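No experiment lies behind these values; they were computed from the predicted model shown. Below, each value reflects all heavy atoms present in this structure, side chains not excepted, and no hydrogens, waters or symmetry copies.
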Amino acid sequence: MSKAESNKIDSLRHAEYYGMQATFDRLYSESKEGKAFEDLTSVILSRENILLAYRNLKSNSGSNTPGTDGLTIKDVQRLTPDEVVAKIRFIAKESPHGYRPKPVRRKEIPKPDGRMRPLGIPCIWDRLLQQCVKQVMEPICEAKFSNNSYGFRPLRSAENAVSVLERRLQLDKLYYVIEFDIKRFFDNVDHSKLIKQIWSIGIHDNHLIYLIRQMLKAPIKMENGSVTIPTKGTPQGGILSPLLANIVLNELDRWVEGQWLDHPLAYNHEAMKGRDQIRRVRGYRKMRQTNLKEMQIVRYADDFRILCRTEPDAERIKAAVTQWLTERLRLEISEEKTRIVNARRQYTDFLGIKIKLYPKGSKDNQKWVVKSHMSDKALENATNKLIAQAKRVASPRDHTTVLEEVNRYNRMVLGIQNYYRMATLISEDCGTIQWRISRIIHNRLSKQKGKGLSRTGRQLTEFEKTRYGKSEQLIYVKGTDEPLYPIGYIKAMYPADKKVSSNVYTVEGRVGIHDNLKVNTSLMLDLMRNPEKGLRLEATDNCLSLFAAQNGKCAITGKEFTRRDEIKCHVKNMRKSWATYRYENLILVLPEVHELIQATADDKISELLDKLKLNKEQLDKVNALREEAGIAIIALDSNAM
C-alpha cells in the first residue's frame, strides 16, 4: 500500500470518529446529480468538521513548521475543543473586519535540476481553516473530476498514472506522446478564472467563495522580509492548493476527452448496438474513418501527457492545446520543454519514469512492448542523495549517531525502491546506484577506527527477511549490528491500475478498502461532542482513537462502555509533561478502575477491590499503571480473590 493510500484510509477512519462520513457521502451524491450548493459554510464551520480538520492536520509533518506568527500545531493542541471551534468560527465568519489570513511565509527549496521551488507556508490557524474547507469541497469536486487525472486525489497515485500511460502506448498503439510543460503553473493560476470554475462545479456559497478569494490574496512574506500581495497563483505548500489546481485543469481534461474519448460520435453512431463499452468501440472504429484526431490525456497535477496515433496529429494537437491553454486558462506552455516523442524511437519521461517501446516477435507477428527505467534526473538525484547519506553513516554530523544515520539511509533506500519499482528495468538502475554506493561505504567505514562492515548482525525483522533476506549484498555496520539495506536488490512490480469501483465517498466504493468501525459509534460521537471538562484537544482527540483501539471496552476489566459517564481518560504518567496527552500516555478505563489506580488509603483500595472483583491478570495491569504513576503497587495478598 502506498503512503497516499494509507493516508486516505486513515482519513476515512477519522471521518467516522467525528461522524462526518455520511455528510461527505451526501455531498458527493448530490454533486453527481448536479445540485448547486448555496450553504456549505455551516458544514465547514460545524464542530465535527473543525475537530476532524485538526485530526487530519496533526498527522501532517508540516503541521510542526511555523508560519509567520511562529505558531505550530502544538499551540492548537494546548486548547480545549470548545476554544478551537470558537477560534475557527471567529476568524472565518465572526470577526468584525472579515476573514484576513496572516501573511504566508515564503521558503525556497532546491529542485532536482538545481533550480529553486517557492513554497508558501500559511500560519497554523489559516492551515486549519483551509483543511476545514478542503474536507467539504473535495467530495463535491470528486464527483465532477475526470477519470484521467491522478494527482492529489483519493485512492489515485502516480503509479496509476504511469500504468495508464503504458497501457495506452502498448495496447492502444498510441505511439506519439506530447510532453507538455506549463510555465510555473502554481504561480500563474488566474484567480478570476478559478472562481468561475469553482462556481461552475456547483459551489454557489458566496461566503465560501469570499474565504477562498481571501486565501488566494493572502500576503506573502519573502525571505528578505518584504511583503507582496499576489494577484495570481496558488502557493505551493497550502493545503487547499492541490485541490484548486485540479479544479483549474479539470477543464482541460474535459476538453481533451470531448475531442475523442467522449465525442458524441462514440455513442451516437448508427452502427452501435449492445452494451455501452461495445457501442463505444464500434463508435471509435467509425470515428477513425473521419478527420477527427485521436487523442487521450493522462494527467498528474500539472504534469500531463497527451497520446496520439500519428505524428501529424500530434503536431496539430500540440498547437491546439497550447492555444486553448493560453486563451481559456491564461496559462503559458514552455516551448523548450514541451516536445513530441515517438515512443518506439525515444524514451518519454513521466513522473520520474522513462518509458520506451521495443519490438517483440517476428516481423510477421511483431508487437511493441513497454520497457522502462528511472528517468535520468531521478537516477542522478537518487544516487547523489544516497552518496551524501552514505558519507553521513561513516561520519555523522549535527550531533547524530551512526545508528540514526543508518536508519535514515535505510528509509531513503526503501522510499526509492517502493516508488521506482514500477520501472521494468529498475534492478539495472538500482544496481548502478549500488555499485557507486558500495565503494564509498567500504572505503569510508574501513578507515574509521572501531567501525567497519560485517556479514552478520542483529536478527532481521519479518519484513526485512522477506525483502532482503536472500540478498548477498546485505551487510551490517559494526558497532550497531544494523543492516544497510541493499539498494541494488529490488524486483520490478508492474504499476497497478486504479480499481474502477473504488470510491471513498460511496458505501459500495469503500468495500475492500475500509471496514466501518465495529464499536458503539453513537457512544463514540457522544464522547466526541461532550468531552471531559478541561481536557485539552490533543487528549480528547486521542480518546476517540483509544475508544476504537480498545473496541469500546475498559482496558482493565474488558467491560463494554454503555454510557458516557462510564468512560474515564486516565493519564499514565503525569510527570511526562512533554507527552502528557499523547496517545501512548493515555488509557480509557471505568471510573472505579481510575480511582483504584490512584487510591492510596487501604480502606479505599479494599472497597474498590471488593466492588471490581479483579482477577490476577487485571490486578497486574492496575499495578503496572500505579507503578508508572509513581504509586505503590497493591500487594496480591490484599486481594480477596
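In terms of modelled atom types and a separation under 3.5 Å, the side chain of R582 and the main chain of E584 share no donor-acceptor contact. At least one donor-acceptor pair closer than 3.5 Å links the side chain of R89 to the backbone N or O of L45. Side-chain atoms of Q550 come within 3.5 Å of backbone atoms of K553 as a donor-acceptor pair (strictly under, hydrogens ignored). Side chain of H204 to backbone of W199: a donor-acceptor contact under 3.5 angstrom is found.
F90 pairs by the ring-ring contact (aromatic ring centres under 6.0 Å, His included) definition with nothing, not counting sequence neighbours. With sequence neighbours left out, F24 forms a ring-ring contact (aromatic ring centres under 6.0 Å, His included) with no residue at all. Partners of R254 under the salt bridge (charged side-chain N to carboxylate O under 4.0 Å, His left out) rule, at least two apart in sequence or in another chain, are E257. Looking at residues two or more places apart in sequence or on another chain, you find a side-chain hydrogen bond (donor to acceptor under 3.5 Å, both in side chains) between Q21 and D25. By the ring-ring contact (aromatic ring centres under 6.0 Å, His included) test, H191 is found to be paired with no residue, residues two or more places apart in sequence or in another chain being considered.
A donor and an acceptor atom, one from each side chain of E566 and T562, are located under 3.5 Å apart. In the model, N56 has a side-chain atom that pairs as donor or acceptor with a side-chain atom of Q135 under 3.5 Å. Side-chain contact, N250 with S146: no donor N or O sits under 3.5 Å from an acceptor N or O. Inspection of the D39 and S42 side chains reveals an N or O donor paired with an N or O acceptor under 3.5 Å. A side-chain N or O of N530 and one of D526 form a donor-acceptor pair less than 3.5 Å apart.
The aromatic ring centres of Y300 and Y150 sit 6.0 Å or more apart.
Counting heavy atoms of neighbouring residues, nucleotides and ligands inside a 6.0 Å radius, atom CZ of R184 does not exceed 12 of them.
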List the atom pairs, with distances to 0.1 Å, where a side-chain N or O of residues 211-219 and a protein N or O form a donor-acceptor pair under 3.5 Å, not counting sequence neighbours.
| from | atom 1 | to | atom 2 | distance (Å) |
| --- | --- | --- | --- | --- |
| Q214 | NE2 | Y99 | O | 3.0 |

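Checked options I587, L588, V593; the residue passing with C554 is V593 (criterion: side-chain contact (heavy atoms from CB on, under 4.5 Å)).
A salt bridge links K58 to E538: one of the charged nitrogens lies within less than 4.0 Å of a carboxylate oxygen.
Atom-to-atom distance recorded for H570:NE2 and I556:CD1 is 8.5 Å, nearest 0.5 angstrom.
Cation-pi check for K102 over W125 is not met; the charged atom does not lie both under 6.0 angstrom from the ring centroid and within 45 degrees of its normal.
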